[in-house]
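First comes the structure, then the notes that go with it.
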Amino acid sequence: DAGVIQSPRHEVTEMGQEVTLRCKPISGHNSLFWYRQTMMRGLELLIYFNNNVPIDDSGMPEDRFSAKMPNASFSTLKIQPSEPRDSAVYFCASSLQGSLGNTIYFGEGSWLTVV
Amino acid sequence: ILNVEQSPQSLHVQEGDSTNFTCSFPSSNFYALHWYRWETAKSPEALFVMTLNGDEKKKGRISATLNTKEGYSYLYIKGSQPEDSATYLCAFIKYNTDKLIFGTGTRLQVFP
């Protein structure tokens, strides 16, 4: 079975450019999470969706970040404009009915470098 | 602010040694604790989901215990192998939320 699929795997972009990260959750999973991994702060939850609806976006750092889930099989995380401090690994994860007691499956991450 | 702390931050052991690390979390409003194994450039892989005080779970040479009253979980690796080298992450879920709050991980390196 295909796991959580993220693209691109690696992106290097210049400061000020728009970055769009994509995620395809595991088929049948109805919760989707976006995480950011940095050396300083570890894995932080940015936003999560249940049944395509954003439930909690309190982790989104600022207005430059936005996330959408137009259908059950696709989500995007957009940064506009990007800044060097956005450089991190962005993970998408999915699970069945949220994370309460259920295993969350992670994608392989999108490694973003903003120069 | 919910603090999930892991110790030690990093650990170097010889092949065959047994080792353990700690995850500390808030003891109030506990719902679940997850353990993950993460190798660089790969997906974090779920090891255990623990929900009950006193839970003990085992997967091969890896096991974990949970104490929700005092707010800690231990992960044990028996007879470490070089392929066990990875970062081990724990994540706490507060009651009535869907948020996994991660610790910063314990980075384990096993030398042959």
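As the structure is a prediction and not an experimental result, all values here were calculated from the model. Throughout, protein chains are lettered first and strands after them, A, B, ... in sequence-line order, and every chain is numbered starting at 1. Atom set for the values below is all heavy atoms of this structure, side chains included, hydrogens, waters and symmetry mates excluded.
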Hydrophobic clusters here meaning ILVMFWY residues chained together by side-chain heavy-atom distances under 4.5 Å, can you tell me if B/M50 and A/Y105 are in one? no

Side chain, backbone, both or neither: which part of [X] has a non-hydrogen atom closer than 4.5 Å to chain B?
X	answer
A/T38	neither
A/L43	both
A/E44	neither

Just wondering, more than 12 heavy atoms not from [X] lying within 6.0 Å of its [atom1]?
X	atom1	answer
B/Q9	CD	no
A/K78	NZ	no
A/E18	CD	yes
B/R107	CZ	no
A/D63	CG	no
A/E62	CD	yes

Could you grab the distance from atom CD1 of B/I93 to atom CD1 of A/I104, nearest 0.5 Å is fine? 6.0 Å

Donor-acceptor under 3.5 Å (B/S43 side chain, A/F106 main chain): yes

Minimal non-hydrogen separation, B/K42 against A/F91, with atom names: O-CE2, 4.2 Å

Under 4.5 Å to a heavy atom of chain A? For B/L33 that would be neither

Could you tell me which portion of B/Y36 (side chain, backbone, both or neither) has an atom closer than 4.5 angstrom to a non-hydrogen atom of chain A? side chain

Kindly indicate whether the side chain of A/Q37, heavy atoms from C-beta on, has any atom under 4.5 Å from the side chain of B/W38. yes

Please assess A/Y35 against B/L100 for the test side-chain contact (heavy atoms from CB on, under 4.5 Å), listing each intermediate value before the final yes or no. CA-CA 10 Å; A/Y35 284 88; B/L100 275 176; 3.1 Å; yes

